[in-house]
Amino acid sequence: MAKEVLTENLNPQQREAVLYNDGPMLVLAGAGSGKTRVITYKFAYLVKKKRFPASSIFTVTFTNKAADEMKQRINLFFSKGLKQTWIGTFHSLCNRILRREIDVLGYRNDFSIYDEEERASLIKQILKDFNIHEALYKGVCNKISLLKSALISPEDFLTHNNGYSFDEKLGRVYLRYQDELKRFNALDFDDLVLLTIQLFKIYPSILKKYHDLFSYILVDEFQDTNQSQYTLLKILASQHRNICVVGDDDQSIYKFRGADIQNIFNFKKDFSEVKVIKLEQNYRSTQNILNVSNHLISKNFLRNDKKLWTDKCTGERVFYCRLNNEEEEARYVARSIKDLYLKANYEYRDFAVLYRINIQAKAIEDALRAESIPYHIISGISFYQRKEIKDLISYLKVIMNPDDNVSLVRIINSFYRGIGNATISKIELEARNLGLSLFATIKSMIRSNGLTLTIKNKLHDLIANIESISSKSFKNTADLLKEIIDKTDYVNRLDDKRLQNLFELISSAENTSLREFLDKVSLISSADDSPKGNSVSLMTLHNAKGLEFPVVFIIGLEDGILPYFKAIDDGEELQEERRLLYVGMTRARDYLCLTGAKRRKLFSKYQDFEPSRFLADIPRECCNWIEKIQPTIEDSNDDKAPMPPSSPYALTYSIGTKVKHPVWGVGVIRDCYGEGEDKKVMINFPGIGIKRLALKFANLQTMA
DNA sequence: AAAACTCCTCTTTTT
DNA sequence: GAGGAGTTTT
């Protein structure tokens, strides 16, 4: 049975946001204020009550995870489920449009999509050609991406600088990069949005088609849009002006990737008739946590003022503890986790440790391991970025789009070893001379005589394999992948673990066409990072956005770490660091614990750190403020977790022991206290809860 | 193709 | 001061 659109389930502001649909609306949604709820209800309301076709609502977010969650929650309102919808990320929705329309822009619709790595290898190649130090590629990639997200074309960029500066060179690299992408029939992530804009600007008739198709635009995480994304939204909304954007300027933490917080303020100017709604009721955190967070963020200037409130209780005080060094900090965190785990009714999955930079995780890992606390790290490295996976995907890309030189070179290097860079350069030079693709050039060079026989044989294999695979039709992409593996000796060089990954890739390719599969793997980065097992989560503050945990630790509250030293001299960046801390704090439901170290190792040398300047922005009366700083003497025994087992009882019933109780069944000992006859245990019985029992009467049985 | 050497960086990373 | 990437040497 489909869920009803019951607006009584919403608070007044949420309801207003759902019911209002006479033009542009800006919903300023504070952390934990139910913004996804508003978007899903609004979607359902528009379709069920206002008779908008579901396929006419362009609903856009930033991550696949968010898009999937939204789809799922929207589908609950429709008994049959929706089939044709436009709910997705900017990139996936643009991709969908471009796959249909791109031919007018001089690309074929079997274009490849390049990720960071492929972009980097193309840029490296260009730098080499231009005799520019190749090691600069990272900075060049970044700058080009920022230019593209700011809608500055190579031509614009070249005309706006006037000398032989570095920018002049950068401009020429940028120009060449775009030309090469087109020659390879490839788009990078930025192009997906950029070319969609171009398409609409150059071809009004195509724009008309999509104007007629989309009658409402819903945008999530609007504060994270860059200029090109916002431009696309403006173009799409220009006719009917039915656009609702939801966001929170206080949670804008992706400036370094081009996100422009200014878009929130521009929205009010560009759509002067805008209706602004603030969602300030928070359904997540205790009052203490909100007090602390509100105070902190209020120190930022240039923001839409908001004050989160809750009808939850005051809750525990926010902890702040400063320790001597990173090891002690980590030990403090680990022991606090264990302590809370044992004393309160929390699972390990209820805890998160958040940090500014990835290297901070190391000390925490060591400490958690020492306390045998299970944990997992949520990081950016994904399944699809592994070498063996990307090699296979490159093979698929060449099969779909033989002009894709970056992928072709990659598969030559990984599948047809023995062909070195010298040979590849020779072929590339020839390709330029002939004005042919690399693939066609290789074909012609096999027949000419400028190469050794061994190399010719390898190249012949390459061409023959690709052509034979391309000419066959496969039931699905899994079979295609198997064929590639059969025809090459690639798998012989892989160890078991990598082989296992390949099997996983193959099974994920069942039931999809080549095109679908490549779109999926190109536009997904992190392969479903759903929390593995019941363990503590470790992640950067950036990765924590959108999540929530009952207990949150934020470590490294030091000037130089948070705020990071590179951001300290720049007012804008300092504000972003403050927002980063704010995002971290507002992840917490019940407990928030901040820690810092006096001394830590950074860049392989010990340095002293002052407490974070942000600590001055939070009200102490909401906190428990502890400084565990010992000048020199190693003295860490006074803060050991409360569990030193010494009596015979404690030995048999030490923490973690599985026991069986005649009434409650099997449980795990969480705490053990008291002496002799009065000894009591605290036991967590799964599904029943925590019981405190006197050991004398409990009648426990130890289990293996 | 592996080994040795040198140089460089050292923040965060939705697609 | 470690670790990665690129380059040169064997």
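Every value quoted in this text rests on a predicted model; they were computed, and no experiment measured them. Just so we're on the same page: letters track the sequence lines, and every chain starts at 1.
- Atom CD1 of A/Ile524 and atom C1' of B/dT13 are 17 Å apart (whole Å).
- With a 3.5 Å limit on both pairing distances and Watson-Crick or G-U wobble geometry required, the stems of 3 or more pairs in DNA chain B span B:1-10 with C:1-10.
- Nucleotide B/dT15 holds its C1' atom 4 Å from the CZ atom of A/Phe189, rounded to whole Å.
- Contacts of A/Tyr230 classified as ring-ring contact (aromatic ring centres under 6.0 Å, His included), with partners at least two apart in sequence or in another chain: A/Phe222.
- Listed by first and then second residue, the side-chain hydrogen bond (donor to acceptor under 3.5 Å, both in side chains) pairs that reach into residues 559-569 of chain A are A/Asp559-A/Arg613, sequence neighbours excluded.
- Side-chain N/O atoms of A/Asp110 and A/Asn185 include a donor and acceptor closer than 3.5 Å.
- B/dT13 atom C1' lies 16 Å from atom CG of A/Leu523, rounded to whole Å.
- With sequence neighbours excluded, no residue satisfies ring-ring contact (aromatic ring centres under 6.0 Å, His included) with A/Phe549.
- The CD1 atom of A/Ile378 sits 12 Å away from the P atom of B/dT13 (whole-angstrom rounding).
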For a quick test of your reading: what N or O donor-acceptor pairs under 3.5 Å do the side chains of residues 138-146 of chain A make, sequence neighbours left out?
from, atom 1, to, atom 2, distance (Å)
A/Ser145, OG, A/Asp190, OD2, 2.9

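- A/Phe256 and A/His542 have their aromatic ring centers within a separation under 6.0 angstrom.
- The distance between atom CG of A/Leu602 and atom C1' of B/dT12, rounded to the nearest whole Å, is 14 Å.
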Show each protein N/O and nucleotides 4-11 of chain B N/O combination with a separation under 3.5 Å, one pair to a line.
from, atom 1, to, atom 2, distance (Å)
B/dT11, OP1, A/Lys566, NZ, 3.2
B/dT11, OP2, A/Tyr564, OH, 2.7
B/dT11, OP2, A/Lys566, NZ, 3.3
B/dT11, O2, A/Arg356, NH1, 3.0
B/dT11, O2, A/Arg356, NH2, 2.3

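- Between A/Glu117 atom CD and C/dG4 atom C1' the separation is 14 Å, expressed in whole Å.
- A/Ala186 meets the side-chain contact (heavy atoms from CB on, under 4.5 Å) test with A/Ser112, A/Tyr114, A/Leu181, A/Phe184; sequence neighbours excluded.
- With sequence neighbours left out, A/Glu558 forms a side-chain hydrogen bond (donor to acceptor under 3.5 Å, both in side chains) with A/Arg600.
- In this structure, the CG atom of A/Leu146 is 12 Å from the C1' atom of B/dT13, given to the nearest Å.
- Shown here are the side-chain contact (heavy atoms from CB on, under 4.5 Å) partners of A/Gln72, two or more places apart in sequence or in another chain: there are none.
- Looking at heavy-atom distances under 4.0 Å, A/Lys128 makes no contact with the nucleic acid at all.
- Rounded to whole Å, atom P of B/dT13 lies 20 Å from atom CG of A/Asp188.
- Taking atom P in both C/dA5 and B/dT12, the straight-line distance is 15 Å, to the nearest Å.
- Of the candidates A/Leu354, A/Leu581, A/Ile357, A/Leu541 forms a side chain to side chain contact (heavy atoms under 4.5 Å, CB included) with just one, namely A/Leu354.
- Checking the phosphate oxygens (OP1, OP2) of B/dT15, a side-chain nitrogen or oxygen of A/Asn64 falls inside 4.0 Å.
- With sequence neighbours excluded, the residues that form a side-chain contact (heavy atoms from CB on, under 4.5 Å) with A/Arg369 are A/Glu365, A/Asp366, A/Tyr375.
- You'll find that the side chain of A/Glu116 is closest to B/dT15, out of C/dG6, B/dT13, B/dT15.
- Taking the side-chain contact (heavy atoms from CB on, under 4.5 Å) definition, one finds that A/Ala31 meets it with A/Gln251, A/Arg284, A/Leu308, A/Thr586, A/Arg587, sequence neighbours left out.
- The gap from the C1' atom of B/dT13 to that of C/dA2 amounts to 23 Å, rounded to the nearest Å.
- Against DNA chain B, the stretch residues 243-259 of chain A makes heavy-atom approaches under 4.0 Å through A/Tyr254, A/Phe256, A/Arg257.
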